[in-house]
Amino acid sequence: MPVSHTQLTAVVRAVAVVTPLALGLGAWGTDRMSWGAACSFGAYLVLAAFPSLGEHPRCTVMLWGCLYLSAAAAAGAAAAREPLALVAGAILLAGLQGMFETAGGPLRMIAAMAALSFLLAGVNLASGVPWWEYAAAFAVGTLWQTAVTAATGPATGPAARQAVRLRRRGLPFAGLLAVIGAVGTATAWFIPLSHSVWLTTSALRVAKPQPEEFRLRVRARLQGTISGGVLAAVLLTPVLPNPLLVAGVAVAVFAMQLVGPSRYGWWTLCLTVVSLFFGMQHGTRDWELAATRIGLTIGGAALAVLAYVVFASVVVEGWLRARGERSSARPSRSARP
């Protein structure tokens with residue numbers, strides 16, 4: 001069976017993601033948070049932010065996205081041991097995610113990945129890598145994957161200036177995500193698990209402005225995470241050597257691209273495998289990390305549902321009601337002399 005252009009593009013981009021990781025494992029043994037791993041993680045987030053195997057955004061937009069991602073990762077790494085700074089950063093980046101989500105456009109996924117890169121930077125520093133070194137490697141990975149993406153597909157879409165158009169109608173949802181970011185990050189700080197921030201990232205990833213889409217996303221996220229966690233626990237067994245693990249991640253990234261984010265359950269299954277690999281520390285590979293991922297995803301979904309119910313019913317309705325009253329009090333143009 002001949003290989004299609006779409007499949008070939010997915011192969012090239014998946015190999016690009018794992019290449020720094022493979023080089024890092026070869027040079028530094030099993031240290032997952034080496035330069036190679038941090039570089040691959042940055043590349044992976046760029047791929048997740050621009051998942052289309054056809055056209056991609058303009059290069060200027062993608063470069064702005066790299067800057068956004070890298071700045072968030074550097075800030076998260078620098079604030080990794082400061083709880084107040086982490087909560088403040090989570091509020092800011094989660095709120096921006098909500099604004100970009102409501103506005104749409106090519107930077108919508110970049111904003112979501114930036115919040116994730118900020119929160120996970122502290123986990124990735126567990127091996128003792130200096131924050132500036134991790135940030136530099138992460139930035140190199142984003143630029144590397146951007147170059148590969150630009151070389152494997154035509155550019156389209158608005159210019160960078162038109163891509164950033166935030167509107168006031170996004171404020172309620174931005175406030176919802178800011179609340180989730182604050183509560184989730186503060187709660188995660190007191191959870192005695194190395195990857196407790198998965199609670200916050202899971203909540204932020206399932207939240208959507210539309211209630212129906214939000215419910216479907218929660219269900220798909222739970223199904224995909226549980227299935228992916230079981231698969232990853234089998235795949236990441238200590239029996240497998242590093243080359244097979246890297247190949248397994250490449251296959252998961254390849255499959256994730258072919259599935260696409262529109263089939264969110266399958267997409268989540270693939271990204272769970274990748275996320276668990278990047279979440280490993282000091283060569284640890286067992287069921288505990290997979291169970292932690294599943295449990296924190298369930299907790300994150302519950303946090304998102306609770307925040308959605310409370311915040312939407314109290315704050316958002318009041319905000320909309322106030323806007324409606326101001327609109328009704330303002331004279332219409334037809335009534336003006």
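All heavy atoms count here, side chains included; hydrogens, waters and symmetry mates do not.
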Give the minimum heavy-atom separation between [X] and [Y], together with the two atoms involved.
{"X": "P209", "Y": "F173", "answer": "N-CE1, 3.5 Å"}
{"X": "Y134", "Y": "A77", "answer": "CD2-CB, 4.0 Å"}
{"X": "W131", "Y": "A74", "answer": "CE3-O, 3.7 Å"}
{"X": "F138", "Y": "S117", "answer": "CZ-CB, 3.8 Å"}
{"X": "T268", "Y": "R221", "answer": "CG2-O, 3.7 Å"}

Distance, nearest 0.5 Å, that separates [atom1] of [X] from [atom2] of [Y]:
{"X": "L276", "Y": "L271", "atom1": "CG", "atom2": "CG", "result": "9.5 Å"}
{"X": "L69", "Y": "F41", "atom1": "CG", "atom2": "CZ", "result": "9.5 Å"}
{"X": "M113", "Y": "L93", "atom1": "CE", "atom2": "CG", "result": "12.5 Å"}
{"X": "S275", "Y": "L120", "atom1": "OG", "atom2": "CG", "result": "8.0 Å"}
{"X": "I180", "Y": "R205", "atom1": "CD1", "atom2": "CZ", "result": "12.0 Å"}

Subject >> side chain to side chain donor-acceptor pair (under 3.5 Å) against E133, all qualifying residues, sequence neighbours excluded >> reply: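 E133 satisfies side chain to side chain donor-acceptor pair (under 3.5 Å) with W35 only.
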
**OP:** Not counting sequence neighbours, which residues clear side chain to side chain donor-acceptor pair (under 3.5 Å) with T152? List them please.
**Re:**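 Per chain and number, T152 pairs via side chain to side chain donor-acceptor pair (under 3.5 Å) with R13.
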
Could you list the donor-acceptor pairs under 3.5 angstrom formed by side chains in residues 244-262, with sequence neighbours left out?
| from | atom 1 | to | atom 2 | distance (Å) |
| --- | --- | --- | --- | --- |
| Q257 | NE2 | A10 | O | 2.9 |
| Q257 | NE2 | V253 | O | 3.4 |

Original post:
Tell me, which pairs form a salt bridge (Lys or Arg N to Asp or Glu O under 4.0 Å) where one or both residues lie in residues 86-115, sequence neighbours left out?
Top reply: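 Those involving residues 86-115 are E101-R108, E101-K208.
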
Distance-only check: which donor-acceptor pairs under 3.5 Å involve side-chain atoms of residues 290-305, not counting sequence neighbours?
| from | atom 1 | to | atom 2 | distance (Å) |
| --- | --- | --- | --- | --- |
| T292 | OG1 | E288 | O | 2.8 |
| T297 | OG1 | S202 | OG | 3.4 |
| T297 | OG1 | R293 | O | 2.7 |

With a 4.5 Å cut-off on side-chain heavy atoms, are [Y] and [X] touching?
{"X": "Y44", "Y": "F277", "value": "no"}
{"X": "F100", "Y": "I110", "value": "no"}
{"X": "L92", "Y": "F118", "value": "no"}

Would you say the side-chain atoms of [X] pair up with the backbone N or O of [Y], donor to acceptor, closer than 3.5 Å?
{"X": "T142", "Y": "A139", "result": "yes"}
{"X": "T201", "Y": "W198", "result": "yes"}
{"X": "Q97", "Y": "L204", "result": "yes"}
{"X": "E82", "Y": "A79", "result": "no"}

Original post:
Taking ILVMFWY side chains as joined if any heavy atoms are under 4.5 angstrom apart, and letting links pass through other members, which residues group with L216?
Top reply: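 Same cluster as L216: nobody, lone residue.
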
Original post:
How is the hydrophobic cluster of V87 composed, in terms of its other members, when Ile, Leu, Val, Met, Phe, Trp and Tyr link through side-chain heavy atoms under 4.5 Å apart, directly or indirectly?
Top reply: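 Members alongside V87: I91.
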
**OP:** Could you tell me which residues satisfy side chain to side chain contact (heavy atoms under 4.5 Å, CB included) with V230, sequence neighbours excluded, listed by chain and number?
**Re:**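 With neighbours one apart ignored, the set is W287.
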
Subject >> With A151 via side chain to side chain contact (heavy atoms under 4.5 Å, CB included) - residues at least two apart >> reply: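 Residues passing side chain to side chain contact (heavy atoms under 4.5 Å, CB included) with A151: none at all.
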
Subject >> Listed partners of R215 passing salt bridge (Lys or Arg N to Asp or Glu O under 4.0 Å), at least two apart >> reply: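 Residues passing salt bridge (Lys or Arg N to Asp or Glu O under 4.0 Å) with R215: E212.
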
Please output the side-chain donor-acceptor pairs of residues 181-192 that fall under 3.5 Å, not counting sequence neighbours, one pair per line with the distance.
| from | atom 1 | to | atom 2 | distance (Å) |
| --- | --- | --- | --- | --- |
| T185 | OG1 | G181 | O | 2.7 |
| T187 | OG1 | V183 | O | 2.7 |

Subject >> ring pair (Phe, Tyr, Trp, His ring centres under 6.0 Å) contacts in which one or both residues fall within residues 202-224, not counting sequence neighbours >> reply: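 Qualifying pairs, neighbours excluded: F214-Y308.
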
